[in-house]
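Below you'll find the structure, written out as structure tokens, and then a few comments.
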Amino acid sequence: MIKAIATFLDDKKIEYSRDYALKSASSFRIGGSCAIAVFPRSENELVGALEALDGAGVRTEIIGRGSNILFGDGSLDMAMVFTGKMNSFEIDGRSVRADCGVSLAALSHTCAEKGLSGLEFACGIPGSIGGAVYMNAGAYGGCVSDVLVSSRAYDRKTGKTLDLTEHRFDYRHSVYMEKADLVCISASLVLKEGDAEDIKAKNSELLEERRKKQPLNYPSAGSYFKRPEGYFAAKLIDDLGLKGTRVGDAAVSEKHAGFVVNLGNASFDDVMRLEELVKGAVLKEFGVELCREVRVIK
Ligand SMILES: Cc1cc2nc3c(=O)[nH]c(=O)nc-3n(C[C@H](O)[C@H](O)[C@H](O)COP(=O)(O)OP(=O)(O)OC[C@H]3O[C@@H](n4cnc5c(N)ncnc54)[C@H](O)[C@@H]3O)c2cc1C
């Protein structure tokens, strides 16, 4: 099956790689390999590749910059479609249109340079705009839903593209999460006019805040757990004295209890066992059920 897909991709001149190692494709630096990784450069290539993969019944996941994903170890008999090469954007006045693979942080910095305010919250979030729309990524009081006006989507079930204005956004939630068949092709944002120097100063302040509080020197996928209603996951974990708790090379960060970090050679199972340990302790002590924010693909 994968051979037939490879022939199709060769014909269409769409980039791909067989038996692709996933470790370096995830900010966690964990994972085995997938049967085929596809790197579309345009909407046409993305849709074409997905049509072929779905038509052949190949299990396929969309990957932005892999900054919120924990991949399984071993060889995953599936395809990953990486959007990182779909990376152009246009800015027209206060309107921004970005392909799904555009780096959110880079876009935030460009907008700051142009005196456009609204993406300051995103200056340190290491993902793509497509992944950020999917996750309704946010920080420091801002999130994607504050600035997104519409997105262009491909529906893998119907084979049609559509323009979405209703995204059913909530805390780390969007319509893309509800409907696994939808793929975000591009996003349109509207920002506010502001003073470039003020916006850049705000970005620097937020980046400094991250450097002070987050374990950026270790591979991770950011906050491992969602914020439970009425609590902060990191505080609950910290209050139990679990900072530094380790299973194999996976550890609760000493610097920020909400982060699980890879100390070097952590496996998928190390992270899963650490997750169970932390969840169990928090449930027992506080009666609070922690839910994983990080997406697992295994
Ligand atoms: C150090 C660090 C700090 C972080 N800080 C924050 C933070 O402050 N706030 C925050 O919200 N997150 C944070 N994160 C998590 C992560 O950066 C965000 O969730 C980000 O939006 C994920 O984008 P991505 O492109 O890497 O998505 P990926 O990790 O590649 O994918 C995440 C999910 O989105 C889906 N997806 C990706 N692209 C598309 C698409 N085009 N169409 C449909 N589905 C798609 C994937 O299938 C997957 O289910 C942090 C991560 C790290 C490592």
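The chain is numbered in sequence order, starting from 1. Counting starts at 1 for both ligands and their atoms, following the listed order. Note that this is a predicted model, so its numbers are computed, not measured.
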*asked:* Among all the protein's non-hydrogen atoms, which is closest to atom 29 (O) of ligand 1, and how far away is it?
replied: Asn68 N, 2.8 Å
*Looking only at N/O atoms, are Gly66 and ligand 1 under 3.5 Å apart anywhere?*
yes
*Can you tell me which residue and heavy atom of the protein come closest to atom 13 (C) of ligand 1, and the distance to 0.1 Å?*
Ile125 CG2, 3.9 Å
*Tell me which part of Cys100 gets within contact of ligand 1: side chain, backbone, both or neither, using heavy atoms under 4.0 Å.*
side chain
*asked:* To check your reading of the model: name the closest protein heavy atom to atom 42 (N) of ligand 1, its residue, and the distance in Å.
replied: Cys184 N, 2.9 Å
_Below 4.0 Å, non-hydrogen atoms only: which portion of Ser67 touches ligand 1? Side chain, backbone, both or neither._
both
*Quick one: nearest non-hydrogen protein atom to atom 46 (C) of ligand 1, plus distance?*
Ile62 O, 3.1 Å
*Could you tell me which atoms of ligand 1, counted from 1 in the order shown, lie closer than 4.0 angstrom to a heavy atom of Ile63?*
30 (O)
*Pull out every atom of ligand 1 sitting under 4.0 Å from any heavy atom of Ser27, numbered as shown with elements.*
53 (C)
*List every atom of ligand 1 that sits less than 4.0 Å from any heavy atom of Gly222, numbering the atoms from 1 in the order shown and giving each element.*
2 (C), 3 (C), 4 (C), 50 (C), 51 (C), 52 (C), 53 (C)
_Please check: side-chain N/O of Arg65 versus main-chain N/O of Ser67, any donor-acceptor pairing under 3.5 Å?_
no
*Is a side-chain donor or acceptor of Ser223 paired with a backbone partner of Phe225 at a separation under 3.5 angstrom?*
no
*For ligand 1, which atoms sit closer than 4.0 Å to a heavy atom of Ile69?*
28 (P), 29 (O), 30 (O), 31 (O)
*Does Tyr171 reach the main-chain N or O of Arg227 with its side chain, forming a donor-acceptor pair under 3.5 Å?*
yes
*Which residue holds the protein heavy atom closest to atom 5 (N) of ligand 1, what is that atom called, and what is the gap in Å?*
Arg210 NH1, 3.2 Å
*So, Asp270 versus Ser267: side-chain donor-acceptor pair below 3.5 Å or not?*
yes
_Flag for Ser151-His167: side-chain donor and acceptor within less than 3.5 Å_ = yes
*Nearest heavy atom to atom 30 (O) of ligand 1 wins, so pick from Gly64, Cys143, Ser151, Ser26.*
Gly64
*Less than 4.0 Å between a side-chain N and a carboxylate O, is that true for Glu90 and Arg97?*
yes
_Flag, side chain of Lys255 to backbone of Gln214, donor-acceptor distance under 3.5 Å_ = yes
*Write out the residue and atom name of the closest protein heavy atom to atom 27 (O) of ligand 1, then the distance separating them to 0.1 Å.*
Gly131 CA, 3.7 Å
*Within a distance under 4.0 Å of any heavy atom of Ala137, pick out the atoms of ligand 1 and give their elements.*
11 (O), 21 (O)
*If you measure only the distance, is there a donor-acceptor pair under 3.5 Å linking the side chains of Glu275 and Tyr224?*
yes
*Report the member of Gly127, Ala132, Ala105 with the shortest heavy-atom distance to atom 21 (O) of ligand 1.*
Ala132
_Salt bridge Arg273-Glu276, side-chain N to carboxylate O under 4.0 Å_ = no
*Return yes when atom CZ of Arg211 has more than 12 non-hydrogen atoms of other residues, nucleotides or ligands closer than 6.0 Å, and no otherwise.*
yes
*Which one of Ser223, Gly130, Gly138 has a non-hydrogen atom at the shortest distance from atom 10 (C) of ligand 1?*
Gly138
*How far is atom 24 (P) of ligand 1 from its nearest protein heavy atom, and which residue and atom is that?*
Arg65 N, 3.5 Å
_Backbone N/O of Ser220 and side chain of Ser27: donor-acceptor pair under 3.5 Å_ = yes
*Hey, is Arg295 touching ligand 1 through its side chain, its backbone, both or neither, going by heavy atoms under 4.0 Å?*
side chain
*Using only heavy-atom distances, determine whether the side chains of Ser186 and Asp99 contain a donor-acceptor pair under 3.5 Å.*
no
*Looking at the rings of Phe82 and Phe39, which for Trp means the six-membered one, are their centres under 6.0 Å apart?*
yes
*Asn68 and Glu293: which non-hydrogen atoms are nearest, and at how many Å?*
ND2-O, 3.4 Å
*What protein heavy atom is closest to atom 35 (C) of ligand 1, reported as residue, atom name and distance in Å?*
Tyr134 CG, 3.5 Å
*For ligand 1, indicate whether the residue Leu216 contacts it via side chain, backbone, both or neither (heavy-atom separation under 4.0 Å).*
side chain
*May I ask whether Arg172 has any heavy atom positioned less than 4.0 angstrom from an atom of ligand 1?*
yes
*Under 4.0 Å from a heavy atom of Ala139: give me the atoms of ligand 1 that qualify, with their elements.*
8 (O)
*Name the option, out of Ala180, Ala221, Pro126, that contains the heavy atom nearest to atom 3 (C) of ligand 1.*
Pro126
